[in-house]
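Residue numbers count from 1 along this sequence. Atoms within each ligand, like the ligands themselves, are counted from 1 in listed order. Given the structure is predicted, the values throughout are model-derived calculations rather than measurements.
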Amino acid sequence: MDAARFPNLHVSQHPLVAHKLALLRDRATEPKKFRELVRELSWLLGYEAMADLTTQPITVETPLEPTAGVELEPKVGLVPVLRAGLGMVDAMLELMPSAEVWHIGLYRDERTLKPVEYYNKLPDAATVQVCLILDPMLATGGSSSATVDILKQWGAARVKQVSLIAAPEGVATLSAAHPDVDIHVAAVDRALNDRGYIVPGLGDAGDRQFGTFAGPSSEPGHDPADETAEVVRRLQRNLASEP
Ligand code: PRP
Ligand code: URA
């Protein structure tokens, strides 16, 4: 994809990120190792995503004398999107122990690929200024766009998306809906397939972390592929037609 079209997109260039991502993609990587890699990649991407947080000056007393230091200015909220975003939280909390964690529950309807909200306990008014949405996969962009809508309505002044892998369609959708949201990823892959999965991708990030490979059974006699393929074709037409 032409990354220059998306000034809000930040694809990590760090060799450690690339190395760990290849291990994460490998179908032979079992859930325990997969969870470790999600955590390590989240740490590295989080470090990059927080590089422009503002600071304010403070004075610290060393054992010898006072000196100038800084502290982070904004209050930061980590917003893992259930389920798969859960695996990214601990690493981010290591980086920023005072961050608040606000969970949002969304799943994708397998036919329409639209996000369905099932958990949101945000208080009435925002308690943080900067929110980092944590979700390993930015596929159609529907889940992340919906989460940004929720956070902006809540009153968050600034929102960033941190994902491990994005599809070009998802980057385009999120950027069109929310051009002010920075997107930090380890890689942007080739495309979505006709079931809305990122290819080459890594498969289902939630199932691979939590070992739930059986998945929900489909309705007998219904093949969602036709509907989802049409949704994906529409997203691909949008991506191609944007300037
Ligand atoms: C996955 C993923 C994202 C969403 C991305 O969640 O973790 O939340 O899909 O897709 P989108 O960009 O097309 O919206 P899923 O619905 O599989 O739920 P899970 O995390 O509970 O497995
Ligand atoms: N969700 C995933 O877990 N993987 C994909 O490829 C797309 C959505």
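- Nearest to atom 4 (C) of ligand 1 among the protein's heavy atoms is S143 OG, 3.5 Å.
- The ring-ring contact (aromatic ring centres under 6.0 Å, His included) analysis of residues 70-101, with sequence neighbours excluded, yields no pairs.
- Considering backbone and side-chain N/O atoms, Y118 never comes within less than 3.5 Å of an N/O atom of ligand 1.
- Of the residues V159, L53, D52, the one that meets the side chain to side chain contact (heavy atoms under 4.5 Å, CB included) test with V130 is L53.
- By the 4.5 Å heavy-atom criterion applied to side chains, C131 and W154 are counted as neighbours.
- Within a 6.0 Å radius of CD in Q153, other residues, nucleotides and ligands contribute 12 heavy atoms or fewer.
- Within 6.0 Å of CG in D124 there are 12 or fewer heavy atoms belonging to other residues, nucleotides or ligands.
- At a 4.0 Å cut-off, at least one heavy atom of G141 sits close enough to ligand 1 to count as contact.
- With respect to atom 17 (O) of ligand 1, the closest heavy atom belonging to the protein is D204 OD2, 4.0 Å.
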Output block, N or O contacts of ligand 2, threshold 3.5 Å exclusive:
residue	atom	partner	partner atom	Å
ligand 2	3 (O)	A205	N	2.8
ligand 2	4 (N)	G203	O	2.8
ligand 2	6 (O)	I198	N	2.8

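- Under a 4.5 Å side-chain heavy-atom cut-off, the cluster of Ile, Leu, Val, Met, Phe, Trp and Tyr residues that includes L82 is completed by L86, Y107, V116, Y118, Y119, F210.
- With respect to atom 5 (C) of ligand 1, the closest heavy atom belonging to the protein is M137 O, 3.4 Å.
- Remark: atom 12 (O) of ligand 1 lies closer than 4.0 Å to at least one protein heavy atom.
- Heavy atoms from both the backbone and the side chain of T140 come within less than 4.0 Å of ligand 1.
- Side-chain contact between D189 and R25 is present, with at least one heavy-atom pair separated by less than 4.5 Å.
- By the 4.5 Å heavy-atom criterion applied to side chains, D149 and H178 are counted as neighbours.
- By the 4.5 Å side-chain criterion applied to Ile, Leu, Val, Met, Phe, Trp and Tyr, I58 is assigned to no cluster and stands alone.
- One finds no salt bridge joining R35 and D90 here, because no Lys/Arg side-chain nitrogen approaches an Asp/Glu carboxylate oxygen to under 4.0 Å.
- Considering both main-chain and side-chain atoms, A84 comes within under 3.5 Å of ligand 1 through a nitrogen or oxygen pair.
- Checked against a 3.5 angstrom limit, the closest N/O atoms of R83 and ligand 1 fall inside it.
- Annotation: atom 3 (C) of ligand 1 to nearest protein heavy atom, D135 OD2, 3.0 Å.
- A salt bridge does not link R111 to D226: none of the charged nitrogens lies less than 4.0 Å from a carboxylate oxygen.
- By the definition of a contact as any protein heavy atom under 4.0 Å away, atom 1 (C) of ligand 1 is not in contact.
- The heavy atom nearest to atom 9 (O) of ligand 1, considering only R108, E169, E110, is found in R108.
- By the 4.0 Å N-to-carboxylate-O rule, E36 lies close enough to K32 to be salt-bridged with it.
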